[in-house]
Structures are given as C-alpha cells and as structure tokens.
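Notes for the one structure printed next.
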There are 2 protein chains.
Amino acid sequence: MRDVQDVFAGFLEKRGLSLTRQRREILGVFLDAKRHLTVEGVYNIAKKKVVRAGYTTVFRTMKLLREAGIAKEVNLGGKIVKYERRYGHEHHDHLVCLECGSFVEALDPEIEKLQNKLCNKFDFTPRRHRMEIFGTCRRCRRRKHKP
Amino acid sequence: MRDVQDVFAGFLEKRGLSLTRQRREILGVFLDAKRHLTVEGVYNIAKKKVVRAGYTTVFRTMKLLREAGIAKEVNLGGKIVKYERRYGHEHHDHLVCLECGSFVEALDPEIEKLQNKLCNKFDFTPRRHRMEIFGTCRRCRRRKHKP
DNA sequence: CTTTTTTTGAATTTGAATTTCAATTTCAAT
DNA sequence: ATTGAAATTGAAATTCAAATTCAAAAAAAG
C-alpha cells in the first residue's frame, strides 16, 4: 500500500524524525505479514533483510507505528504484545479459537450501536473498545467430533 | 459469603490440598476488597493480618482461586494482572475511564444475544468473552468542562 | 513420638519490555 | 570535501512482575 508509507513519512516529519531505511524496512515487514506479529516476530524477519534492523530498532519502530495509527496492539490471550494493521483496516472484533489459536475478524453494526446506547445509559463517553469472543472454531469442533 | 469458603474448601479437597489459615485469610482479603486487586495488592493487606501470608503464598493462592472459579483475571489497560470476584458475581462488561481509571460493570442482554448470533454466523462455538469500552466517565468529563 | 507429606516464604530465576549509551549515520553549514 | 551538531542505531544493561526453587516449618499419618 503506497499511502501507508506516506502516512508514516508524514507522521515522522511532524515529529522531526526521518524515514530511514530501517524504518521503511520494518514497516514493510509489518505490512507484508498476514497475521498478527510480535516484536520478536517482526525482528526475526527484519534481521534477514538487506538493511538489517536490530531488536531495539524494531521495538522503537513498532511504537512509532502505533503512535502513527498504523499499528495497533492486540492481546488475544497470552501476555505477549502483538500488533495488527490499523491503517486502512476498519475496527473489528475477534473470535478467537481456544484450541488452535486462529481467529476471525468480525464486525456487527448492531452490536456497535448497542454499545453506544449502553454508554449513554452510564453517561460515559466512549473512545474505543475491545471485544473478543473465545471459543472453538468450526474446524476444531469437527476435528473433535470425527477424529 | 459463607458458601464461597465452602466452594474453595471443596475445590482444595478434590485436589488433595487443605484449607490452611493463610489460604483462608487470603480468600477473606480478596472477598472483602471492593475493587479489583493485583497480587501485590492482596499481599499488602494479607501481610498485616494475624496469620501473615508471604508474597509467594498469595501468588499461589490467587492461582488456586482462579482455578476454583472464584477469582477471575482482568486486564483493563496496563500489563499487571488484576483479579475480580467471579463466584456469585455475574458476567459483565467494563466501561473503563481513561482519565481516572475508574470503571463500571455493565451488562446488556441484547448485546449478549447479538454476540451469540455473530458466533453462529461464523460457525463458532463461544465459551467466554470479554468486552471493554474505554472512554471518559461522567465525572471526568465535567471536571474538564468546568475546571 | 517419629516419620512422611504438605505448606510456606525468602531468595532466585525467568522473560518480555524498556532504557542506556557509545558508536554510527545523516545532513546542514562552511 | 570537511566539520560538527543532531538523529539514529543496536548491543548491553536494567526493570519489574511472574514463576520457580528449595530449605525450614507445620501438619498429618503411622
């Protein structure tokens, strides 16, 4: 995606920082990833690139990506921080399989509406939210019933 | 609550463990707490009791309480694990204030229903879920507008 | 009472997150 | 091209809660 780089460059400029090779490389790794990645995971890929990036740099760049609104921390279970794309990736909830760890991203406008209504009831101004449903996915349920 | 102790005693028995004074004391501290507590928090209260409990014992007992279905881990923001009551405390969602850290517990049956419907759509068997809305509570909103 | 088992808790270890700091790179000014 | 100030990098150190270890203390069994 062309404009994600532009967003990042713009963000960095506003902060008086520059889009270095390492940062570009790390952004690339992050955007290419299909699934959620940990800092460790991004690092493992980034260190093999032509312009190698160290762990610390990956760590700091992920933080920048977060601040730039490009990456988002998620935590489906474990205590290790994972990142998912945020830019050009609408808000969604997760259905996480407890057996295999896979997940699907889902969105229900009705639920979103009711969440706002719930906030009204408590005179609460919502900014963001998180909803995760844990259970068993279709594949794992089948695997269990017909082994 | 009388029967929480019984639940714990029963759980311990099933595991071949005994309800020691420390464990009883720690359970008491946990049940008396109004808000969510960290292990550290439980420990700070427990160490002042007649039957003092060390950090390790608190740590291990909270784990037992979790396994017994009496305590539940929650994580509203930070990375430190907090516990809330679970036994005799219905499922609920949290509205967490980003300014002051306070929260209210809420439940919307409509939302719960739609969550199940959403799971059906994905052929997903839900076991448990977590929903947290982060924003600004009534008090903090007022404090900002009329300082 | 003696032996065996469980429990306790101080101390240690672990592991991810974060910070430090010296070396390196970048870049604007000369 | 050269200099030097500022930004960047990354190995190493630090932090801090979580988890484990192990010897002493307590409880239970014989």
Side-chain angles (χ1 to χ4, degrees), chain A residues 8-30 36-68 71-83, chain B residues 8-30 36-68 71-84 101:
Chain A
F8 194 34
F11 166 82
L12 290 172
E13 180 151 24
K14 228 177 298 174
R15 297 258 282 220
L17 305 172
S18 39
L19 180 52
T20 61
R21 300 181 207 170
Q22 280 90 340
R23 286 179 182 151
R24 204 192 329 269
E25 208 64 278
I26 291 164
L27 173 59
V29 169
F30 175 64
H36 297 173
L37 285 183
T38 60
V39 171
E40 182 85 22
V42 175
Y43 167 65
N44 283 331
I45 304 172
K47 74 181 173 190
K48 290 176 196 150
K49 297 285 179 180
V50 181
V51 181
R52 296 164 186 216
Y55 186 90
T56 312
T57 303
V58 172
F59 171 77
R60 275 186 293 227
T61 302
M62 292 314 293
K63 203 162 148 185
L64 290 173
L65 290 176
R66 185 153 32 98
E67 287 163 11
K72 188 181 167 188
E73 278 188 9
V74 288
N75 229 298
L76 310 178
K79 54 236 81 192
I80 305 152
V81 176
K82 297 201 189 69
Y83 292 92
Chain B
F8 194 34
F11 166 82
L12 290 173
E13 180 152 25
K14 228 175 299 172
R15 296 257 281 219
L17 305 172
S18 39
L19 181 52
T20 61
R21 302 183 206 168
Q22 282 90 339
R23 285 178 182 152
R24 206 192 328 268
E25 208 62 278
I26 291 164
L27 173 60
V29 169
F30 175 64
H36 298 171
L37 285 182
T38 59
V39 172
E40 180 84 21
V42 175
Y43 166 65
N44 283 330
I45 303 174
K47 72 180 174 192
K48 291 175 194 150
K49 297 285 179 183
V50 181
V51 181
R52 296 163 187 219
Y55 185 91
T56 313
T57 304
V58 172
F59 172 78
R60 274 184 295 225
T61 304
M62 292 314 294
K63 201 162 148 186
L64 290 173
L65 291 177
R66 185 153 31 98
E67 288 163 11
K72 186 181 165 189
E73 281 189 7
V74 287
N75 228 299
L76 309 178
K79 54 234 84 191
I80 305 153
V81 176
K82 297 201 189 68
Y83 292 92
E84 71 172 19

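Residue numbering restarts at 1 for every chain, and letters A, B, ... go by the order of the sequence lines. Values below: every heavy atom of this structure, side chains too, minus hydrogens, waters and symmetry copies. Because the structure is predicted, anything quoted here is derived from the model rather than measured.
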*Integer-rounded Å distance: D:dT8 C1' and A:Leu64 CG*: 11 Å
*Classify the nucleic acid contact of B:Arg52 as base, sugar-phosphate or nothing, counting any heavy atom under 4.0 Å across all strands shown.*
sugar-phosphate
*In Å, rounded to the nearest 0.5 Å, how long is the span from CG of B:Leu27 to OG1 of B:Thr61?*
9.5 Å
*Would you give the length of the straight line joining atom NZ of A:Lys82 to atom CG of A:Leu37, rounded to the nearest 0.5 angstrom?*
10.0 Å
*What is the distance, rounded to the nearest whole Å, between atom CD of B:Glu67 and atom P of D:dA19?*
11 Å
*Does CD belonging to B:Glu13 count more than 12 external heavy atoms closer than 6.0 Å?*
no
_Nearest 0.5 angstrom please: B:Lys63 NZ to B:Glu67 CD, how far?_
6.5 Å
*How long is the span from the NE2 atom in A:His36 to the CG atom in A:Asn75, to the nearest 0.5 Å?*
11.0 Å
*For B:Tyr43 and D:dA17, what is the distance between atoms OH and P respectively, to the nearest whole Å?*
13 Å
_Tell me the interatomic distance from B:Leu12, atom CG, to D:dA27, atom P, rounded to whole angstroms._
16 Å
*Within less than 4.0 Å of OP1 or OP2 of D:dG10, is there a side-chain N or O belonging to A:Gln22?*
yes
*Hunt down the Watson-Crick or G-U wobble partner of D:dC22, both distances under 3.5 Å, from any strand shown, or write none.*
C:dG9
*Please report, rounded to the nearest Å, how far the C1' atom of D:dA7 is from the CD atom of A:Glu13.*
15 Å
*Starting at atom NZ of B:Lys49, determine the distance to atom P of C:dT8, rounded to an integer number of angstrom.*
17 Å
_As a quick check of understanding, evaluate side chain to side chain contact (heavy atoms under 4.5 Å, CB included) for B:Leu64 and B:Leu17, giving each step before the final call._
CA-CA 10 Å; B:Leu64 290 173; B:Leu17 305 172; 4.1 Å; yes
*Could you state the interatomic distance from CG (A:Asn44) to OG1 (A:Thr38), rounded to the nearest 0.5 Å?*
7.5 Å
*Whole-Å distance between C:dT8 C1' and B:Ile26 CD1?*
10 Å
*Euclidean distance, atom CZ of residue A:Arg23 to atom P of D:dG10 [Å, nearest integer]*: 11 Å
*Provide the Watson-Crick or G-U wobble partner of C:dA28, both distances under 3.5 Å; none if there is no partner.*
D:dT3
*Using a 4.0 Å cut-off on protein heavy atoms (strictly under), produce a 5'-to-3' string for nucleotides 15-27 of chain C with B for base contact, S for backbone-only sugar-phosphate contact, and - for none.*
-SSBBB-----S-
